[in-house]
**Q** 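Here's a structure for you.
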Amino acid sequence: MKRLALLSGVAALFGLAAVNASADTILVHIFNFDFSLNPLGEPIEDPIISVGDTIRWILDEGRHTVTSVMGIPEVFDSGDMQKIGETFEHTFTNVGTWWYYCDFHGFDNGDGTASGMAGTVTVGVPEPSTFAALAVGGLLLLKRRKK
């Protein structure tokens, strides 16, 4: 009976780990002539995210595109965005720093980077959650008690 209770506790910890490890959606502003986590008038900042996170670009002003450079594994293109408040999303599945640009005001350098109106998204491996560490600890405890 104690073993069943312990297994239930470990299963609950795994459930919490799964909830805690959910992907995020990060907002990036588009304005003349840049992309930034911060709105117009604040310092320009490119996002740093985890694999599985989504970037949601929002058009704050102007007419722009969000276009990935050629030759990278993260391929996306918003097409022409003209309506203020219009959004475009892409979920990142590869680790690396990925360049993108506005097709009207920037350009692909042909080497995996972009210039002009351009930005980057840096994608890393997600940090292990506290709950996942507790779940692993619970499994080790279960293993030790079996001896």
**Q** Is there a path from Phe33 to Ile58 through hydrophobic residues (I, L, V, M, F, W, Y) whose side chains come within less than 4.5 Å of each other?
**A**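 The answer is no; the residues belong to distinct hydrophobic clusters.
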**Q** The criterion is ring pair (Phe, Tyr, Trp, His ring centres under 6.0 Å); which residues satisfy it with Tyr101, sequence neighbours excluded?
**A**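 If we apply the ring pair (Phe, Tyr, Trp, His ring centres under 6.0 Å) test to Tyr101, skipping adjacent residues, there are no hits.
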**Q** Do Phe92 and His90 have ring centroids that are under 6.0 Å from one another?
**A**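 For His90 and Phe92, the ring centres are under 6.0 Å apart.
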**Q** If you define the side chain from C-beta out and look only at heavy atoms, does anything of His64 sit under 4.5 Å from Met81?
**A**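 With C-beta onward as the side chain, the pair stays apart.
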**Q** Going by ring pair (Phe, Tyr, Trp, His ring centres under 6.0 Å), name the residues that satisfy it together with His29, two or more places apart in sequence or in a different chain.
**A**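 Testing His29 for ring pair (Phe, Tyr, Trp, His ring centres under 6.0 Å), a comparison that skips the adjacent residues, returns none.
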**Q** Sequence neighbours left out, what passes ring pair (Phe, Tyr, Trp, His ring centres under 6.0 Å) with Phe31? Give chain and number order.
**A**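 For Phe31, no residue satisfies ring pair (Phe, Tyr, Trp, His ring centres under 6.0 Å) once neighbours in sequence are set aside.
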**Q** Does Phe104 have Arg63 sitting over its ring (NZ/CZ under 6.0 Å from centre, angle to axis within 45°)?
**A**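 Yes.
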**Q** For Asn109 and Ser115, run side-chain hydrogen bond (donor to acceptor under 3.5 Å, both in side chains): C-alpha distance rounded to whole Å, both residues' side-chain angles, the deciding distance at 0.1 Å, then the answer.
**A** CA-CA 7 Å; Asn109 292 328; Ser115 295; 3.0 Å; yes
**Q** Which atom pairs, one a donor and one an acceptor, fall under 3.5 Å between side chains of residues 44-55 and the rest of the protein, sequence neighbours left out?
**A**
unit_1	atom_1	unit_2	atom_2	d
Asp46	OD2	Thr120	OG1	3.2
Asp53	OD1	Asp24	N	2.8
Asp53	OD2	Ser50	N	3.0
Thr54	OG1	Thr91	OG1	2.6

**Q** Compute whether any side-chain donor of one residue and acceptor of the other, for Thr97 and Thr122, lie under 3.5 angstrom apart.
**A**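 Result is yes, a qualifying pair exists.
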**Q** Would Ile30 and Val28 count as a side-chain contact (heavy atoms from CB on, under 4.5 Å) here? Give the steps.
**A** CA-CA 7 Å; Ile30 306 169; Val28 172; 5.6 Å; no
**Q** Could you list all the salt bridge (charged side-chain N to carboxylate O under 4.0 Å, His left out) pairs where at least one residue sits in residues 65-76, not counting sequence neighbours?
**A**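 Residue pairs passing salt bridge (charged side-chain N to carboxylate O under 4.0 Å, His left out), neighbours aside: none found.
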**Q** Could you pull out the closest heavy-atom pair between Glu86 and Asp80, with the gap in Å?
**A**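 What the structure gives for the nearest pair is OE2-O, 4.1 Å.
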**Q** Can you give me the closest heavy-atom contact between Val69 and Thr113, atom names plus distance?
**A**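 Closest heavy-atom pair between Val69 and Thr113: CG1-O, 3.5 Å.
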**Q** Going by atom types only, do Ser36 and Asp34 share a side-chain donor-acceptor pair under 3.5 Å?
**A**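 No pair is found: no donor N or O on one side chain lies under 3.5 Å from an acceptor on the other.
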**Q** Quick one: CE on Met117 to CG on Asn32, what's the gap to the nearest 0.5 Å?
**A**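 One gets 6.5 Å once the value is rounded to the nearest 0.5 Å.
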**Q** Hey, mind stepping through Leu40 and Glu61 against side-chain contact (heavy atoms from CB on, under 4.5 Å) and telling me if it holds?
**A** CA-CA 9 Å; Leu40 183 61; Glu61 67 177 5; 3.8 Å; yes
**Q** Looking at residues at least two apart in the chain, or sitting in another chain, which of them share a side-chain contact (heavy atoms from CB on, under 4.5 Å) with Ser68?
**A**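 Testing Ser68 for side-chain contact (heavy atoms from CB on, under 4.5 Å), a comparison that skips the adjacent residues, returns Ile72, Val75, Phe76.
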**Q** Donor-acceptor pair, distance only, cut-off 3.5 Å: does the side chain of Asp77 make one with the backbone of Gly79?
**A**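 Here the side-chain-to-backbone pair exists.
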**Q** Kindly determine whether Thr87 and Trp57 satisfy side-chain contact (heavy atoms from CB on, under 4.5 Å), including the steps that lead there.
**A** CA-CA 5 Å; Thr87 62; Trp57 287 271; over 6 Å; no
**Q** Taking all atoms of both residues into account, what is the closest heavy-atom pair of Phe107 and Gly116, and its distance?
**A**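 Minimum heavy-atom contact is CE2-N, 4.4 Å.
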**Q** Grouping I, L, V, M, F, W and Y whenever their side-chain heavy atoms are under 4.5 Å apart, do Val95 and Trp98 come out in a common cluster?
**A**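 Val95 clusters together with Trp98.
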**Q** For Tyr100 and Ala114, work out which heavy atoms get closest and say how close.
**A**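 Heavy-atom minimum between the residues: O-CB, 3.9 Å.
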